[in-house]
Amino acid sequence: MTAKISYADVEVGTELPAQNFPVTRATLVQYAGASGDFNPIHWNEKFATEVGLPDVIAHGMFTMAEAVRVVTDWVGDPGAVAEYGVRFTRPVIVPNDEQGALIEVTGKVAAKLEDNRVRVDLTAMSAGQKVLGMSRAVVRLA
C-alpha cells in the first residue's frame, strides 16, 4: 500500500476527518485477549475502585491505537506512519452499561516536513476531558 494523500495537496491547518470510537466492557475484554494485558483495572470494577480509580478504565495502548486510526484512515496506508507518540493524561473510564465510553478524535496537519512528510497533531477526548496529550504522528505522503 502507499499513501493516497499527496504532499502537494496538503497545507498546514488541513483538518483530518474527525472520528468517534465507542468502547464497551466487551471491547476491553477483546483487547485484553488480543494484547495479553489482563490487568484487572481494565475489567474488574471492584478491583479498579479499590486501587483508587473511579471505575474500569480502557487500556492506554488501546486508546492510543484508536486515536491514530484517524491518521491511518486519512492517509490510506498504516505503513505511512513513520513516528507516533502520545502522553497519557487521563484514563478513558468505561462504565458497565450499554453505551460504555466514547473516544472522540480530531486531527490537524501541524507542519510540513522534508521528504514528503507531515506532522499531524491529534486531540483525543472522552467525557469532555482530554485523554491524550502531545499526540503526534509523522506521516509520509505520496
- Between the CG atom in Asn44 and the CG atom in Leu53, the distance rounded to the nearest 0.5 Å is 11.5 Å
- Taking it one step at a time, do Leu113 and Val118 satisfy side-chain contact (heavy atoms from CB on, under 4.5 Å)? CA-CA 5 Å; Leu113 310 171; Val118 297; 5.9 Å; no
- Query: Are Lys4 and Asp9 within salt-bridge range, i.e. N to O under 4.0 Å?
  - Reply: no
- Item | From CZ (Arg140) to OG1 (Thr2), nearest 0.5 Å | 12.5 Å
- Item | Side-chain heavy atoms of Leu16 within contact of Val71, under 4.5 Å | yes
- Can you see which heavy atom on Asp77 is nearest to which on Met1, and at what distance? OD2-O, 2.8 Å
- Nearest 0.5 Å please: distance from the CD atom of Gln19 over to the CH2 atom of Trp74. 13.0 Å
- Message: In this structure, would Ile5 and Tyr84 fall into the same cluster of hydrophobic residues linked by side-chain contacts under 4.5 Å?
- Response: yes
- Item | Closest contact, heavy atoms only, Ser135 versus Val86 | OG-CG1, 3.4 Å
- Item | Side-chain donor/acceptor of Thr89 to backbone N/O of Lys130, under 3.5 Å | yes
- Checking Arg117 side chain against Glu114 main chain: does a donor-acceptor pair fall under 3.5 Å? yes
- With the 4.5 Å side-chain cut-off for hydrophobic clustering, are Met64 and Val70 part of the same group? yes
- Start with the C-alpha gap between Ile57 and Val94, add the side-chain angles, then the distance that decides, and say whether side-chain contact (heavy atoms from CB on, under 4.5 Å) holds. CA-CA 6 Å; Ile57 63 170; Val94 184; over 6 Å; no
- Task: Kindly say whether Gly85 contributes a backbone atom to a donor-acceptor pair with the side chain of Arg136 at under 3.5 angstrom?
- Result: no
- Query: Are Met61 and Val56 connected in a single hydrophobic cluster, I mean Ile/Leu/Val/Met/Phe/Trp/Tyr linked by side-chain heavy atoms less than 4.5 Å apart?
  - Reply: yes
- Message: How close do Ser126 and Val131 get, counting heavy atoms only, and between which atoms?
- Response: CB-CG1, 3.8 Å
- Query: For the hydrophobic clusters of this structure (ILVMFWY residues joined by side-chain heavy atoms under 4.5 Å, transitively), does one cluster hold both Val120 and Val10?
  - Reply: yes
- Interatomic distance, Phe47 atom CZ to Asn39 atom CG [nearest 0.5 angstrom]: 6.5 Å
- Query: Got a donor-acceptor contact below 3.5 angstrom from the Trp43 side chain to the Phe38 backbone?
  - Reply: yes
- Message: Could you check whether Asn96 and Glu45, counting side-chain N and O atoms only, form a donor-acceptor pair closer than 3.5 Å?
- Response: no
- Nearest heavy-atom pair of Leu28 and Ala58: which atoms, and what distance? CD2-CA, 3.6 Å
- Between Lys112 and Tyr7, is there a donor-acceptor pair closer than 3.5 Å when you use the side chain of the first and the backbone of the second? yes
- Item | CD1 on Ile93 to CG on Asp55, rounded to 0.5 Å | 7.5 Å
- In short, Pro54 meets Thr49 closest at the heavy-atom pair O-CG2, 3.8 Å
- Message: What verdict does the side-chain contact (heavy atoms from CB on, under 4.5 Å) test give for Val23 and Phe62, after you've listed the backbone C-alpha separation in whole Å, the side-chain angles of each residue and the deciding distance to 0.1 Å?
- Response: CA-CA 10 Å; Val23 186; Phe62 172 82; 3.7 Å; yes
- Task: Anything under 30° is parallel, anything over 60° is perpendicular, the rest tilted; go ahead and classify His59 against His42.
- Result: parallel
- Message: I need the Leu102 CG to Met125 CE distance, nearest 0.5 Å.
- Response: 11.5 Å
- Query: Should Leu132 and Leu122 be marked as a side-chain contact (heavy atoms from CB on, under 4.5 Å) after you check the CA-CA gap, both sets of side-chain angles, and the distance that decides it?
  - Reply: CA-CA 8 Å; Leu132 298 176; Leu122 298 167; over 6 Å; no
- Item | Closest non-hydrogen atom pair between Asp121 and Ala110, with its separation | OD2-CB, 3.3 Å
- Message: For the backbone of Thr106 and the side chain of Thr123, can you confirm whether one donor and one acceptor N or O come within less than 3.5 Å of each other?
- Response: no
